[in-house]
Amino acid sequence: MLARLPLPWLLLLAASATAVLGLGVQWVFRRPKAMAVYLAISAGCCLGMIGVGAEQYQRWSTPQMLILYSFSWLGLAIGFFPSRKLLRHYAEEQRRGMDLRGVKYPARLQAPIYISVILMAMLGFILST
């Protein structure tokens, strides 16, 4: 259904999803370097998804992969929302020079990430066919 939209609209959807998660990254880390790394990773993931999708047996099209990318990124942003304060605390401690190797990320905060990414990816798959 969404794959029938013109490509500029799908690029806008992907850019919006990247911007939403980017705002969260900027809020947590408060460093331009973190934002630059995030944008490079986002571009790599988007291009990688398009490339891998084109090589699959099903021959996923660029619009379909842009939809999956957008929905997955939005799912990641939704999933990180409950742990935003803890992530910011970890970033502050690391900025102060504290060692975070022994710190464990609570399982109760991991579950929303997994659930939201899986559900949003499934929704993106359903809406892209």
Side-chain angles (χ1 to χ4, degrees):
M1 180 166 85
L2 286 178
R4 294 186 194 124
L5 287 173
L7 190 60
W9 286 101
L10 296 174
L11 290 171
L12 181 63
L13 179 66
S16 299
T18 303
V20 166
L21 189 57
L23 288 173
V25 168
Q26 184 62 33
W27 185 81
V28 168
F29 293 104
R30 297 183 181 180
R31 288 193 171 185
K33 183 179 179 182
M35 191 63 175
V37 169
Y38 163 73
L39 290 174
I41 290 171
S42 295
C45 287
C46 185
L47 294 174
M49 283 182 73
I50 291 170
V52 168
E55 293 298 319
Q56 296 297 314
Y57 174 74
Q58 297 89 354
R59 298 286 181 210
W60 292 85
S61 67
T62 299
Q64 290 172 322
M65 295 312 291
L66 284 173
I67 293 167
L68 285 175
Y69 167 83
S70 301
F71 276 77
S72 299
W73 244 222
L74 287 173
L76 195 59
I78 293 168
F80 275 130
F81 189 76
S83 61
R84 66 193 182 280
K85 291 179 183 176
L86 180 64
L87 290 172
R88 192 171 196 178
H89 176 71
Y90 286 167
E92 289 292 329
E93 285 184 355
Q94 187 175 12
R95 205 172 299 131
R96 291 184 193 134
M98 300 183 88
D99 187 23
L100 297 177
R101 288 187 198 144
V103 176
K104 297 234 180 209
Y105 194 72
R108 66 180 168 77
L109 295 176
Q110 291 178 18
I113 297 169
Y114 300 141
I115 292 169
S116 65
V117 170
I118 290 169
L119 288 177
M120 289 297 284
M122 288 173 58
L123 182 63
F125 172 75
I126 291 167
L127 292 175
S128 70
T129 55

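All values reported here derive from a predicted model rather than from experimental measurement.
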* **Pairs where residues 4-26 contributes a residue and the test ring-ring contact (aromatic ring centres under 6.0 Å, His included) is met, not counting sequence neighbours** =>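 Not a single pair qualifies under ring-ring contact (aromatic ring centres under 6.0 Å, His included).
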
Look up atom [atom1] in [X] and atom [atom2] in [Y], then write down how far apart they are to the nearest 0.5 Å.
| X | Y | atom1 | atom2 | value |
| --- | --- | --- | --- | --- |
| Leu21 | Ser16 | CG | OG | 12.5 Å |
| Leu7 | Ser61 | CG | OG | 9.5 Å |
| Met65 | Met49 | CE | CE | 4.0 Å |

* Derivation of the side chain to side chain donor-acceptor pair (under 3.5 Å) call for Thr18 and Tyr38 -> CA-CA 9 Å; Thr18 303; Tyr38 163 73; 4.7 Å; no

Using side chain to side chain donor-acceptor pair (under 3.5 Å) as the criterion, list what pairs up with [X], not counting sequence neighbours.
| X | answer |
| --- | --- |
| Ser116 | none |
| Arg31 | none |
| Ser72 | none |
| Gln94 | none |

* **For Gln58, side chain to side chain contact (heavy atoms under 4.5 Å, CB included) partners two or more places apart** =>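 Gln56, Trp60.
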
* Partners passing side chain to side chain contact (heavy atoms under 4.5 Å, CB included) against Ala3 (at least two apart in sequence or in another chain) ->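 For Ala3, the residues satisfying side chain to side chain contact (heavy atoms under 4.5 Å, CB included) (neighbours in sequence not counted) are Pro63, Gln64, Ile67.
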
* To do: Would you check, one step at a time, whether the test side-chain contact (heavy atoms from CB on, under 4.5 Å) holds for Leu13 with Leu66?
  => CA-CA 8 Å; Leu13 179 66; Leu66 284 173; over 6 Å; no

* Asked: What heavy-atom pair brings Ser70 and Ala14 nearest, and what distance separates the two atoms?
  ->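 Here Ser70 and Ala14 meet closest at OG-CA, 3.1 Å.
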
* Asked: What closest approach, in Å, do Leu87 and Val28 show between heavy atoms, and which atom pair accounts for it?
  ->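 Nearest pair, atom of Leu87 first, then Val28: O-CG1, 3.6 Å.
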
* Asked: Do any pairs count as a salt bridge (Lys or Arg N to Asp or Glu O under 4.0 Å) and have a residue in residues 96-125, sequence neighbours left out, and if so which ones?
  ->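 Every salt bridge (Lys or Arg N to Asp or Glu O under 4.0 Å) pair that includes a residue of residues 96-125, provided the two are not neighbours, is Asp99-Arg101.
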
Any link between [X] and [Y] through a network of hydrophobic side chains (Ile, Leu, Val, Met, Phe, Trp, Tyr) touching at under 4.5 Å?
| X | Y | value |
| --- | --- | --- |
| Leu74 | Trp27 | yes |
| Ile41 | Val117 | no |
| Leu5 | Leu11 | yes |
| Val37 | Trp73 | no |
| Tyr69 | Leu119 | no |

Which pairs of donor and acceptor atoms, one on a side chain in residues 79-86, lie under 3.5 Å apart (sequence neighbours left out)?
residue : atom : partner : partner atom : Å
Ser83   : OG   : Phe80   : O            : 3.2
Ser83   : OG   : Tyr105  : OH           : 2.5
Arg84   : NH1  : Phe81   : O            : 2.8

* **Set of ring-ring contact (aromatic ring centres under 6.0 Å, His included) partners for Phe71, sequence neighbours left out** =>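 If we apply the ring-ring contact (aromatic ring centres under 6.0 Å, His included) test to Phe71, skipping adjacent residues, there are no hits.
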
N/O donor to acceptor pairs below 3.5 angstrom from side-chain atoms of residues 120-129, sequence neighbours left out:
residue : atom : partner : partner atom : Å
Ser128  : OG   : Gly124  : O            : 3.2
Ser128  : OG   : Phe125  : O            : 3.1
Thr129  : OG1  : Ile126  : O            : 3.1

* Go through the structure and list residues passing salt bridge (Lys or Arg N to Asp or Glu O under 4.0 Å) with Arg95, not counting sequence neighbours. =>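 Once residues adjacent in sequence are excluded, the partners of Arg95 under the salt bridge (Lys or Arg N to Asp or Glu O under 4.0 Å) criterion are Glu92.
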
* Crowding at CZ, Arg59 (>12 non-hydrogen neighbours, <6.0 Å) ->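 Enclosed: over 12 neighbouring heavy atoms sit under 6.0 Å from CZ of Arg59.
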
